[in-house]
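Lettering of chains follows the sequences in order, A, B, ..., and the numbering in each one begins at 1. Just so it is clear, the structure is predicted and the values come from calculations on it, not from any experiment.
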Protein chains: 2
Amino acid sequence: MKLITMDQAKEYLGQEISIGAWVTNKRSSGKIAFLQLRDGAHFFQGIVMKNDVGEELFDVAKSLTQETSLIVKGIIQEDTRSKLGYELLVTGIEVVGESQDYPITPKEHGTDFLMDHRHLWLRSSRQHAIMKIRNEIIRATYEFFNQEGFIKVDPPILTGSAPEGTTELFHTKYFDEEAYLSQSGQLYMEAAAMAFGKVFSFGPTFRAEKSKTRRHLIEFWMMEPEMAFMHQDQSLEVQEKYVAYLVQSVLDNCDIYLDTLERDKELLKEYTQLPYERISYDDAVALLNANGFDDIAWGDDFGSPHETFIANQSQRPIFILNYPKAIKPFYMKEHPDRPEVVLCADMIAPEGYGEIIGGSEREVDYQRLSEQIEKFGLSKEDYSWYLDLRKYGSVPHSGFGLGLERMVTWISGTEHIRESIPFPRLLNRIYP
Amino acid sequence: MKLITMDQAKEYLGQEISIGAWVTNKRSSGKIAFLQLRDGAHFFQGIVMKNDVGEELFDVAKSLTQETSLIVKGIIQEDTRSKLGYELLVTGIEVVGESQDYPITPKEHGTDFLMDHRHLWLRSSRQHAIMKIRNEIIRATYEFFNQEGFIKVDPPILTGSAPEGTTELFHTKYFDEEAYLSQSGQLYMEAAAMAFGKVFSFGPTFRAEKSKTRRHLIEFWMMEPEMAFMHQDQSLEVQEKYVAYLVQSVLDNCDIYLDTLERDKELLKEYTQLPYERISYDDAVALLNANGFDDIAWGDDFGSPHETFIANQSQRPIFILNYPKAIKPFYMKEHPDRPEVVLCADMIAPEGYGEIIGGSEREVDYQRLSEQIEKFGLSKEDYSWYLDLRKYGSVPHSGFGLGLERMVTWISGTEHIRESIPFPRLLNRIYP
Ligand SMILES: [Mg+2]
Ligand SMILES: [Mg+2]
């Protein structure tokens, strides 16, 4: 027997169909029972009328426990009160899998308990909505970059060299050699950009950081586009267009999930409006100092409160441009007129969600890059392939990295980044 | 100045435009020079006429070395002799980055040499074509699964437990705990299927296998779909539809790259025809024995020669069904009538390319799965979350894994899997 899912409800209006589903809740009054069901695609209501289905089936319906799985037969009908717009008038129930004492009940649970039961917690309507938004951001990413002429390139995860020092890297033995888990595929994406022009990656990255904030994951996914023959100012235009495209896609395709999360859609609509404001690092520091922040001086990196204050200067994401060279990675291109800063930008999300993109133009001069590699104490041998890119037809190029989970956290309006990934890896959390 | 790429040539026919490009080769005869160029999107020809551009520019053109980067100005014109259909009548050349003694010349190079220069080798027309096909397979994967109502779920890479024993796993210290790099996200995808119905993953997996064959990578990418309320026979239908879709997408969108690779497109067209044949493991063994293979008996796993012989029974990929339980992982569902075999199938590609998909229906019975976990010597504590899926609304479910690089190798008709991934990780190969 063919099963449908509730995202096909419209096509089957008025027809009797079967759906594989789980019970999330139920209530009954007299001769009518209301089953709250989920089929993976949607949460929806099934109505069981005692007079229609008979006493036996009605009793089955009334006895269903939370997360019992079943094949439910019924007639799709319109339901104007629900956001989905459809419900099921139940005509048959076949229990598939029982469920006794499901641990996550409608009452409040502590975070640790929920994280220990992440494999079940994902079934809740809130987590379901966040993961649907995550999926939409991934889908729209591929759509956007394909439309813009990029190809997907997968940089390696296991590497023998490390882009930004080895203190926060996971190590592993690679047969007789030492290897590290990638923190960024960028250097490889630069090689790819020289071969394919415009490339993007989407894959996991790892940071063995002993910090426990609501913005950090140990294992997280990044999109890293890299573009040949492109300067930083053009890259910023790609970045804002990309972010606006993601927000618009979520607005277009995840309306019901944004409602589940009670997300303010007017705010999101504002984020689709371009351009985003640009403010220089210099001006940002001056602005902070003028507004009572005496814990920051030119040359310092920003902390969360600084970023939030700057972000609050705009209703949309904001770019902070041209940070001091000393606090940025070795590969960033020096500003042609100001050797103390680099051609880079961070995009800071509104509402206190912090940095979601970091990007820069890359150093293309062989000599200067060599010096940087030395200055940063990196092995010239490890990076000799990377230097080759400056030896054979070097071109201006720029790129950026967008942290998927930060994007999901911001767009879905959740408080902690741990809910933005199916199975979060945190300090002291590698289960389930 | 705005640059275009040659995939936009049609829109600019007859117009003067600029392109960022690299020189791959050149030849000249008298008053005309032919530049072989690449812009990342395509390989194309630039024609420089001495009488039009003047002596100075003509001399520049004649002196260009391999992989010099430049901004080339010119008029797009039709070129019926090239597959691309367009060429550039050059009107200006601005050298951007020089290139002296580019290591990969048009002469033959050894494999080790090319692998050491993978970051440059990717620029060659053959590697470019393979990576474009890889990109198309990835693009079409998202398109297919989105159309079919799947959502993308990213299982974790770092795990504390291991699905198939720990002998071929990469280890790492996860703060105070021990962790492993994932060989498969399947178990997590099963949890996700119970929450979202139909899910697919696409991510890197790792196998610390000391084997050196043309089919094995240490780090490779897999697509792992998992479907709730789905039996194995329905899963096979999804699998063949998916593979046919990928092949058709490559035929539709990668014609020029298939030509570069001299791939037989008639063979590929046959692979888009459904259904694919199914043969039972029992029949496969009998067939092998009847054809002189005396090195295989019921209960043994197939080697390459066996798979190739079976695959040669059909013009298309072929499914081998229901292997002995003893040689398959613990989670596969026992055949209801034959406890010695499981409900599984491998899809074997034609032309000797071997297994590209492995899949099965999953054990859903709590008691039987517990016993399996014990029998396989796995820790019940590590798998308690996985067992939970059988405790709370267990449903029939099936899934499979497609190895991306094997698919790319097959579709592009390349000999060795190392060319199917941008930066291959092999035994003793982690550079660049
Ligand atoms: Mg920052
Ligand atoms: Mg096999």
Side-chain angles (χ1 to χ4, degrees), chain A residues 3 5 7 20 22 39-41 67-69 96-97 99 102 119-120 122-123 128 132 135 138-139 142 146 149 151-158 160 170-172 174-175 177 179 188 191-192 194-197 203-204 219 221 228-229 385 388 392-395 422-423 425 427-428 430-432, chain B residues 3 5 7 20 22 39-41 67-69 96-97 99 102 119-120 122-123 128 132 135 138-139 142 146 149 151-158 160 170-172 174-175 177 179 188 191-192 194-197 203-204 219 221 228-229 385 388 392-395 422-423 425 427-428 430-432:
Chain A
L3 303 177
T5 47
D7 47 2
W22 290 263
D39 67 354
E67 285 303 315
T68 297
S69 56
V96 174
S99 173
Y102 186 68
H119 54 295
L120 303 175
L122 285 172
R123 302 180 182 187
H128 182 270
K132 284 278 197 172
N135 174 63
I138 294 170
R139 192 201 63 74
Y142 277 85
N146 281 315
I151 75 164
K152 168 129 205 266
V153 169
D154 299 306
I157 308 298
L158 292 171
F170 285 103
H171 296 238
T172 187
Y174 189 85
F175 306 102
E177 293 172 76
Y188 291 96
M194 301 302 128
F196 307 104
E219 178 179 321
W221 287 64
F229 288 101
W385 68 267
D388 273 357
Y392 306 112
S394 192
V395 305
F423 297 92
R425 270 42 185 141
L427 201 59
N428 306 321
I430 196 174
Y431 178 95
Chain B
L3 303 176
T5 48
D7 47 2
W22 290 261
D39 67 353
E67 286 302 315
T68 297
S69 56
V96 174
S99 172
Y102 185 68
H119 54 296
L120 302 176
L122 285 172
R123 302 179 183 188
H128 182 270
K132 285 279 199 171
N135 174 64
I138 294 170
R139 192 202 63 75
Y142 278 85
N146 281 317
I151 75 165
K152 168 125 205 270
V153 170
D154 300 304
I157 308 297
L158 292 171
F170 286 103
H171 296 239
T172 187
Y174 190 85
F175 305 102
E177 293 173 75
Y188 291 95
M194 301 302 128
F196 308 103
E219 177 178 321
W221 286 65
F229 289 102
W385 69 267
D388 272 358
Y392 307 112
S394 192
V395 305
F423 297 93
R425 273 31 187 150
L427 200 59
N428 305 324
I430 196 175
Y431 177 94

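Here B:Tyr392 contributes atom OH and A:His119 contributes atom NE2; the two are 8.0 Å apart, rounded to the nearest 0.5 Å. Taking CH2 from A:Trp221 and NZ from B:Lys152, the interatomic distance works out to 4.5 Å, rounded to the nearest 0.5 Å. In this structure, CD1 on B:Ile430 lies 6.5 Å from CD on A:Glu177, to the nearest 0.5 angstrom.
Using a 4.5 Å cut-off between heavy atoms, A:Asp154 touches chain B through backbone and side chain atoms alike. With a threshold of 4.5 angstrom between heavy atoms, A:Tyr102 approaches chain B through its backbone and through its side chain. Interface remark: A:Ala228 contributes side-chain atoms only to the contact with chain B (heavy atom separation under 4.5 Å). Both the backbone and the side chain of A:Pro432 come within contact range of chain B, each with at least one heavy atom under 4.5 Å from a heavy atom of that chain. With a 4.5 Å cut-off on non-hydrogen atoms, B:Ile151 touches chain A through its backbone and its side chain both.
Your options are B:Gly149, B:Gly97, B:Gly197, and the one with the most heavy-atom pairs under 4.5 Å with chain A is B:Gly97. Put simply, of A:Glu67, A:Arg139, A:His128, A:Glu219, the one with the most heavy-atom pairs under 4.5 Å next to chain B is A:Glu219. In terms of heavy-atom pairs under 4.5 angstrom with chain B, the leader among A:Thr5, A:Asp7, A:Asn146, A:Leu120 is A:Asn146. Between chain B and the options A:Ile157, A:Leu427, A:Leu122, heavy-atom pairs under 4.5 Å are most frequent for A:Ile157. The most heavy-atom pairs under 4.5 Å with chain B, out of A:Gly203, A:Ala192, A:Pro422, A:Ala195, come from A:Ala195. Contact count versus chain A (heavy atoms, under 4.5 Å) is highest, among B:Thr68, B:Asp39, B:Asp388, B:Val153, for B:Asp388. Of the listed residues (A:Pro156, A:Pro155, A:Ala179), the one with the most heavy-atom contacts under 4.5 Å to chain B is A:Pro156.
In this structure, the ring pair (Phe, Tyr, Trp, His ring centres under 6.0 Å) partners of A:Tyr174, at least two apart in sequence or on a different chain, are B:Phe170. Listed by chain and number, the residues in a ring pair (Phe, Tyr, Trp, His ring centres under 6.0 Å) with A:Tyr188 are A:Trp385, B:Phe423 (sequence neighbours excluded).
When all heavy atoms of B:Ser99 and A:Gly393 are compared, the closest pair comes out as CB-N, 3.8 Å. Taking all atoms of both residues into account, the shortest heavy-atom contact from A:Ser394 to B:Ser69 is O-OG, 2.9 Å.
Considering only heavy atoms from C-beta on, B:Asn135 stays 4.5 Å or farther from A:Phe196 through its side chain. In this structure, the side chains of A:Ile138 and B:Tyr142 come closer than 4.5 Å at one or more pairs of heavy atoms.
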Give the intermediate values and the outcome of side chain to side chain contact (heavy atoms under 4.5 Å, CB included) for residues B:Trp22 and A:Val395. CA-CA 10 Å; B:Trp22 290 261; A:Val395 305; 3.7 Å; yes
